[in-house]
Amino acid sequence: MKGYRITFIRHGSTQGNIDGKYIGVTDLPLSEQGADEMYRAAELADYPSFQKIYISPLKRCLQSAYILSPNSPMVELNELKEMNFGRFEGKTPAELQNDEDYKKFLEGGLDNPAPGGESAREVMTRCFEAITLIIGDMMEEGLTNCAVITHSGIIMNMMGGFGVPKQEPIKYACGFGEGFEVLVSASMWQRSGAFEIVDTFPPTPREERTEYFINLDSDESEDK
């Protein structure tokens, strides 16, 4: 049974990223450096052609998609937006270090949002809604090779929440213009709500691959 390949890719950097600011839902465009990162990713991946790209509607993701694969159909999904950091948006950790609300936020937890922002639980719920929409659309349309261009936090939650092998989300942190390729089988998704993480994006050279990834040489997923 043929698998559904999805490549999750982080957008290129913005000036806010370069300055170390929280810019979750702040709608900044790519910086010149960020555009270069995406062109470099396209070159390393040999200019991939995706049947469809699902995108966070923020400018940095839209611009990244058009650089990476300009001829692919694109669909914007609000569910793919980065976490809303509320009152902390546009500020650096140094600017917030004496803020009592910020100190509480750094304690972490699923239900500990920034003032006026989103909780980790709310983001995880959005991630589930997004991946369910994407996989459902691919299956309905018969698409087997698509991409998702989104944000670091969303990618980490997607991989940590639904990916195999199972690891903490932070283990799936990736650089700008980088990400992961996953393989979805209908049976595995319907049975356990999981997919297999098979490679990085841009692809890892074969000689550098490790047991971190699975089914590296397979274009198909067995119906188990």
Item to complete: Could you name each residue pair satisfying salt bridge (Lys or Arg N to Asp or Glu O under 4.0 Å) that touches residues 55-79, not counting sequence neighbours?
Response: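 Sorted pair list comes back empty.
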
For the student: nearest non-hydrogen atoms of [X] and [Y], plus distance:
X	Y	value
Asn145	Ser49	ND2-O, 3.5 Å
Pro57	Asn78	CG-OD1, 3.3 Å
Ser119	Pro113	N-CB, 3.6 Å
Ile18	Ser31	CD1-OG, 3.6 Å
Gly177	Ala41	O-CB, 3.4 Å

Specify whether [X] and [Y] have parallel, tilted or perpendicular ring planes, treating 30° as the upper limit for parallel and 60° as the lower limit for perpendicular.
X	Y	result
Phe85	Phe105	perpendicular
Phe180	Tyr172	perpendicular
Phe128	Phe162	tilted

Fill in: Partner of Pro202 under side chain to side chain contact (heavy atoms under 4.5 Å, CB included), chosen from Glu181, Arg40, Glu178, Glu43
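Of all the options given, the one that passes is Glu178.
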
Worksheet entry | Check against side-chain contact (heavy atoms from CB on, under 4.5 Å), Leu80 and Ile55 | CA-CA 7 Å; Leu80 291 172; Ile55 321 168; 5.7 Å; no

Worksheet item: Excluding sequence neighbours, so at least two apart, what forms salt bridge (Lys or Arg N to Asp or Glu O under 4.0 Å) with Asp101?
Response: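 Salt bridge (Lys or Arg N to Asp or Glu O under 4.0 Å) check on Asp101 returns Arg87.
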
[X] vs [Y] side-chain heavy atoms within contact, under 4.5 Å:
X	Y	answer
Cys127	Ile154	yes
Phe8	Ile131	yes
Leu68	Phe201	yes
Leu58	His151	yes
Cys146	Ile134	no
Phe195	Met159	yes
Glu129	Leu77	no
Phe88	Pro115	yes

Discussion item. I need the Ile6 CD1 to Leu183 CG distance, nearest 0.5 Å.
Written reply: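 One gets 9.0 Å once the value is rounded to the nearest 0.5 Å.
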
Practice prompt. Would you give the length of the straight line joining atom OG of Ser69 to atom CD of Gln51, rounded to the nearest 0.5 angstrom?
Written response: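 Atom-to-atom, Ser69:OG and Gln51:CD are 11.0 Å apart.
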
Quick check: does any side chain N or O of [X] sit under 3.5 Å from a backbone N or O of [Y], one acting as donor and the other as acceptor?
X	Y	value
Ser64	Gly12	yes
Lys166	Gly161	yes
Asp111	Arg121	no
Thr150	Ser56	no
Arg10	Ile155	no

Check for me, please, whether [X] and [Y] land in the same ILVMFWY cluster - side-chain distances under 4.5 Å, paths through other members count.
X	Y	result
Leu106	Val123	yes
Leu28	Ile67	no
Phe176	Met156	no

Item to complete: Show your working on side-chain contact (heavy atoms from CB on, under 4.5 Å) between Asn84 and Glu122 and close with a plain yes or no.
Response: CA-CA 10 Å; Asn84 183 341; Glu122 289 171 321; over 6 Å; no

Worksheet item: Checking side-chain contact (heavy atoms from CB on, under 4.5 Å) for the pair Val164/Met188: CA distance, chi angles, key distance, verdict?
Response: CA-CA 11 Å; Val164 176; Met188 186 176 183; 3.7 Å; yes

Worksheet item: Is the number of heavy atoms from other residues, nucleotides or ligands within 6.0 Å of CE (Met74) greater than 12?
Response: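 Yes.
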
Would you mind writing out the side-chain donor-acceptor pairs for residues 19-26 within the sub-3.5 Å range, not counting sequence neighbours?
residue : atom : partner : partner atom : Å
Asp19   : OD1  : Gln15   : NE2          : 3.0
Tyr22   : OH   : Tyr102  : OH           : 2.7
Thr26   : OG1  : Glu89   : OE1          : 2.4

Worksheet item: For Gln33, which residues count as a side-chain hydrogen bond (donor to acceptor under 3.5 Å, both in side chains) partner, sequence neighbours excluded?
Response: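 Gln33: side-chain hydrogen bond (donor to acceptor under 3.5 Å, both in side chains) contacts with Glu37.
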
Worksheet item: Taking only residues two or more places apart in sequence, or in another chain, which ones meet Asn17 in a side-chain hydrogen bond (donor to acceptor under 3.5 Å, both in side chains)?
Response: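 Asn17 satisfies side-chain hydrogen bond (donor to acceptor under 3.5 Å, both in side chains) with Thr14 once adjacent residues are dropped.
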
Practice prompt. Considering only NZ, NE, NH1 and NH2 on the basic side and carboxylate oxygens on the acidic side, decide whether Lys103 and Glu100 come within less than 4.0 Å.
Written response: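 Counted as a salt bridge, because a side-chain N and a carboxylate O are separated by less than 4.0 Å.
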
Identify all side-chain donor-acceptor contacts of residues 135-143 below 3.5 Å with residues at least two apart in sequence or on another chain.
residue : atom : partner : partner atom : Å
Asp137  : OD2  : Lys52   : NZ           : 2.8
Asp137  : OD2  : Tyr54   : OH           : 2.7

Discussion item. Under the criterion side-chain contact (heavy atoms from CB on, under 4.5 Å), I'd like the reasoning laid out for Tyr66 against Ile53: C-alpha separation, chi angles, the key distance, then a yes or no.
Written reply: CA-CA 10 Å; Tyr66 280 105; Ile53 301 181; over 6 Å; no

